[in-house]
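Side-chain atoms are counted along with the backbone in the values below, which use heavy atoms only and exclude waters and symmetry mates.
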Amino acid sequence: MIRKLTSISIKHTSLALLLTSTLAAASWAAPAAQAASEAVYISNASYFTLNQAALSSSSLQFSVALHNGDKKSIDFNQYGVRVTDTSGHSYTAKLSEKKSASVLPGQDASFRFYASLGEGETADQLKVDVFRWDASQADFMNHLGDLPVASALQENQVKVPEEIINLRTLDSTLPNDASISFQLGQSVRVSENGKWVMYTQVSAKNLGSSSVKLPAGLQVRLVDANGLKYTSTVAEGAGTSFLPSESDTITLKTPISKQLSASGLSLEFYFLNQTEDVSLGTMNLNASLQTTALNTKQTYSGQQDGEQVTVKANSSTYSKQSDGVHVQTVVTLSNDGEASAAVPSFFASYQFGDSGTSISATDNSARNAYLAPKETTTYYFNAILPAGVDPNAAQLVLWEKTATSASSSSAASSGAANGSETSSSAASGQMPVAVFQLQGAAEAQSGFTTAASYTLGSKLTLSNSSVINKNLDVSLVELHAHQNDDLGYKTAIAKYKITNNGTSTIALPELQNELIDSSGNAYTGTRQTSVTTQVTPGSSYVVSYSYLLPNKKETENESFALNIFDDKSVSQGKVSVGTYQVALQEEEDSDILALYPFTIKVNSDSISWLYNNGTYSYQLNLDLDVTHEDQVIVDANFSKVEFDMVDSLGRVVGTQSASLLGSGKLVSGKQKVVVSGLKDEQVDSGVKVYMYEVIETPNGTAKRLIKQFH
């Protein structure tokens, strides 16, 4: 059986209307009262006014101010108020604060009340009836006048559903003024573990003068338009001690049917009175249900008082591939306030269809613990949706990882009026922050078409500082094609200069990068076999990456997009942090050879052969100028120089290696490169010498022809 909690007769509860148990009633003959517009006068100089009225679906909060213009104190205990409507119904008004009832001469005092109302009451129908206690009257009341509620209604307050509950109804051990005002926040419908769940945030304000917890008997449920009821539990905030006149947020979690209609929903507070449910009030959820469009800011619900933090899904892009629909949504968290704000731990899920299907997505990029004023941090959430799913019809749920209580399974946590803590264990939890509609998601364009223009040697500007330390500058200084004899592919070698502008040693980053051709094909870069681990302050280091390219002639002069990306911090795919227009450098027949950071100038060259005791040797005579152009650090892993002697039939008849570092390195001046031990049949007057730059990569040896001698 369900019944509405009824109003209590004024006549039978006059003692309950006293301000507090410490305020004693006294007999005092007041002058004849007179009513005036917006005021009820009890003398020529003293009167009552009504202000700060707030009307919810089933309750009214208001303040009655007593203005004492007389020369002696007025005891408010001699007066009372109740709420009436135009149909003649009356509702008990109860004090929601504890304060002195004595108003001194020339002083004003305000007294806060609340009243539970019947369904459908509007501000225009309601008045506050002011009376003086009078035992000679049949109802013990001498009615002095009415104050209209509509004129005292707070501006815009009706936009936020609110319910006031007297906690003594549930726990008689609580103080007389123990009451909570519940104000409805956002509600979101999300998929969790394959089931549909409604999360609803409620702001709870303690209207009393003592710290309280929500009584164990307070229950909450969701009621749909057909009267079906869904039990709610407290997912976050169970056991909260509400300080006097302070607000805190609790989050309700309600498992729901997938057929649940979003219209006609209400949140009902109730308690069990033996065998029947007693309703304490309801709040319509229509204005609470919330989804957010792309590129629309939403207030972050988990922030502290005084913070101004917002979240926004800036954009969502997708591409249809053989394994499904690859989707990426960019979410920003912004501090729009004037004080630093803590950065929450976010993850996301993509939900689609009616069956409760969802796919998780994470961004584990390293971030600072706090956002400075006007600062923004960006999250990238990647996932692969099943083939056939329309990304525009999907939703992104932004979740926050929270610490919750293992005992938060009931709708309310028990607690005495003194706010004593209950025993519980901490556990990991999650709360939805926002649900973003992905309507307007765009099909991703090839990085080749969106790449920014770039000049070789300039700084690569990256959008995510977590990929590269902010004190490091990275630039592409060289990009050449190298041949791979008889292997069916060619190798592109890119050299990157990494400079430490900081004051401490920084770990050498592992750049995740790829070359994208005009057809959208991507060739992943592989870092050289051995590298240093750190870059010291004020120094630069050169590191090489290799790319296996198709061995076709038209590729030689083809342009590419260099895409720097992060695939470590996201759960699926990769996040581009910068895409740039680049091209393979053309090889020129010149006497000046560039092997960054070295430049070799060939002043003169000649080839001769020698015979000694039955063996032949070829000798390449060189006069060189070797310059270390850019003072960057190179080590033993740097590229080498190789000289291949080839006969008139194109056969390599001998090889000699040299380096630009260490012993036996090429230096400025005259030097000889000798290939000895040749057989008689290998002696050929048409011999040529090919000079290569050689780099060892995890995919094998890559060779770049830089000079031909004959």
Worksheet item: Are the aromatic rings of F598 and F638 close, with centres under 6.0 Å apart?
Response: yes

Fill in: Backbone N/O of Y370 and side chain of N368: donor-acceptor pair under 3.5 Å
no

Fill in: Salt bridge K707-D591, side-chain N to carboxylate O under 4.0 Å
yes

Worksheet item: Under 3.5 Å, is there a donor-acceptor pair between the side chain of Y350 and the main chain of A383?
Response: no

Response to the item:
For S571 and A361 the tightest heavy-atom approach is OG-CA, 3.3 Å

Worksheet, complete the sentence: Nearest heavy-atom approach of N314 to V331 is OD1-C, 4.2 Å

Discussion item. Donor-acceptor check, side chain of Q351 to backbone of S191, threshold 3.5 angstrom: yes or no?
Written reply: yes

Practice prompt. Would you check if there is a donor-acceptor pair between the side chains of E400 and T402 at a distance under 3.5 Å?
Written response: no

Practice prompt. Check whether any side-chain heavy atom of I607 sits under 4.5 Å from a side-chain heavy atom of L620, and report yes or no.
Written response: yes

Item to complete: For D566 and K568, indicate whether the former's side chain and the latter's backbone hold a donor-acceptor pair under 3.5 Å.
Response: yes

Discussion item. Looking at Y596, I'd like to know if the NZ or CZ of K495 sits under 6.0 Å from its six-membered ring centre while staying within 45 degrees of the ring's axis.
Written reply: no

Item to complete: State the CZ-CG distance between R704 and L595, to the nearest 0.5 angstrom.
Response: 5.5 Å

Worksheet item: Just wondering, do M691 and V641 contact through their side chains at under 4.5 Å, heavy atoms?
Response: yes

Worksheet, complete the sentence: So CD of E696 and OG of S544: to nearest 0.5 Å the spacing works out to 11.5 Å

Fill in: V632 versus P597, closest heavy-atom pair with distance
CG2-CG, 3.4 Å

Worksheet item: Between N392 and G440, is there a donor-acceptor pair closer than 3.5 Å when you use the side chain of the first and the backbone of the second?
Response: yes

Worksheet item: So, does S519 use its side chain to make a donor-acceptor pair with the main chain of N521 at under 3.5 Å?
Response: no

Fill in: Chi angles and distances behind the side-chain contact (heavy atoms from CB on, under 4.5 Å) call for L624, V602
CA-CA 5 Å; L624 305 176; V602 181; 3.8 Å; yes

Discussion item. Could you tell me if Q298 and T292 have a donor-acceptor pair between their side chains, going purely by distance under 3.5 Å?
Written reply: yes

Practice prompt. Answer yes or no: is there a donor N or O on one side and an acceptor on the other, between the side chain of Y318 and the main chain of L385, under 3.5 Å?
Written response: no

Worksheet item: Which residue pairs pass the salt bridge (charged side-chain N to carboxylate O under 4.0 Å, His left out) test with at least one member in residues 313-336, sequence neighbours excluded?
Response: K297-D336

Practice prompt. May I ask you to decide if the ring planes of Y692 and Y690 are parallel, tilted or perpendicular, using 30° and 60° as cut-offs?
Written response: perpendicular

Discussion item. Under 3.5 Å, is there a donor on one side chain and an acceptor on the other for T455 and S458?
Written reply: no

Item to complete: On the 0 to 90° scale, with breaks at 30° and 60°, tag the F346-Y300 ring pair as parallel, tilted or perpendicular.
Response: perpendicular

Worksheet, complete the sentence: Of all heavy-atom pairs linking A658 and F643, the shortest is CB-CE1, 4.2 Å

Worksheet item: Out of curiosity, W399 CH2 to T362 OG1, how far, rounded to the nearest 0.5 Å?
Response: 15.0 Å

Worksheet, complete the sentence: Separation between NE2 (H480) and CD (E586), nearest 0.5 Å, reads 11.0 Å

Worksheet item: Do T503 and P537 come within less than 4.5 Å of each other through their side chains, counting heavy atoms only?
Response: no

Worksheet item: Does any N or O in the side chain of N335 come within less than 3.5 Å of the main-chain N or O of E375, such that one atom is a donor and the other an acceptor?
Response: no

Worksheet item: Quick one: is the NZ or CZ of R367 closer than 6.0 Å to the six-membered ring centre of Y379, and within 45° of its axis?
Response: yes

Worksheet item: Is there side-chain contact between I633 and T532, with heavy atoms separated by less than 4.5 Å?
Response: no

Worksheet item: Looking only at heavy atoms, which two atoms of Q303 and Q308 are closest? And how far apart?
Response: OE1-N, 3.1 Å

Item to complete: Please examine the side chains of Q572 and H326, heavy atoms only from C-beta on, and report whether any two atoms are closer than 4.5 Å.
Response: no

Item to complete: Just do the side-chain contact (heavy atoms from CB on, under 4.5 Å) check on T655 and D644 with the steps written out, would you?
Response: CA-CA 5 Å; T655 297; D644 287 356; 3.2 Å; yes

Practice prompt. For side-chain contact (heavy atoms from CB on, under 4.5 Å), just list the numbers for I592 and T599, CA-CA rounded to whole Å, side-chain angles, deciding distance to a tenth of an Å, and then say yes or no.
Written response: CA-CA 7 Å; I592 299 178; T599 298; 3.7 Å; yes

Discussion item. Tell me if a side-chain donor or acceptor on D567 pairs with a main-chain N or O of K574 at a distance below 3.5 Å.
Written reply: no

Item to complete: Rounded to the nearest 0.5 Å, what's the gap from CG on L294 to OG1 on T329? Could you check?
Response: 7.0 Å

Worksheet item: Any sub-3.5 Å donor-acceptor pair from S659's side-chain atoms to L661's backbone N or O?
Response: yes

Discussion item. On a heavy-atom basis, which atom in Q656 and which in V674 lie closest, and how many Å separate them?
Written reply: NE2-O, 2.9 Å

Discussion item. I'd like to know whether NZ of K672 has more than 12 heavy-atom contacts from other residues, nucleotides or ligands below 6.0 angstrom.
Written reply: no

Practice prompt. Could you check if a side-chain atom of N500 sits within less than 4.5 angstrom of a side-chain atom of N469, using non-hydrogen atoms only?
Written response: no

Worksheet item: Run the side-chain contact (heavy atoms from CB on, under 4.5 Å) check on T579 and F565 step by step: do they pass?
Response: CA-CA 9 Å; T579 309; F565 62 86; over 6 Å; no

Worksheet item: Under a 4.5 Å cut-off applied to non-hydrogen side-chain atoms, are E514 and Y523 in contact?
Response: no

Response to the item:
Output for pair (L515 CG, L549 CG), nearest 0.5 Å, gives 6.5 Å

Worksheet item: Tell me, do D625 and N603 make a side-chain contact under 4.5 Å, heavy atoms counted?
Response: yes

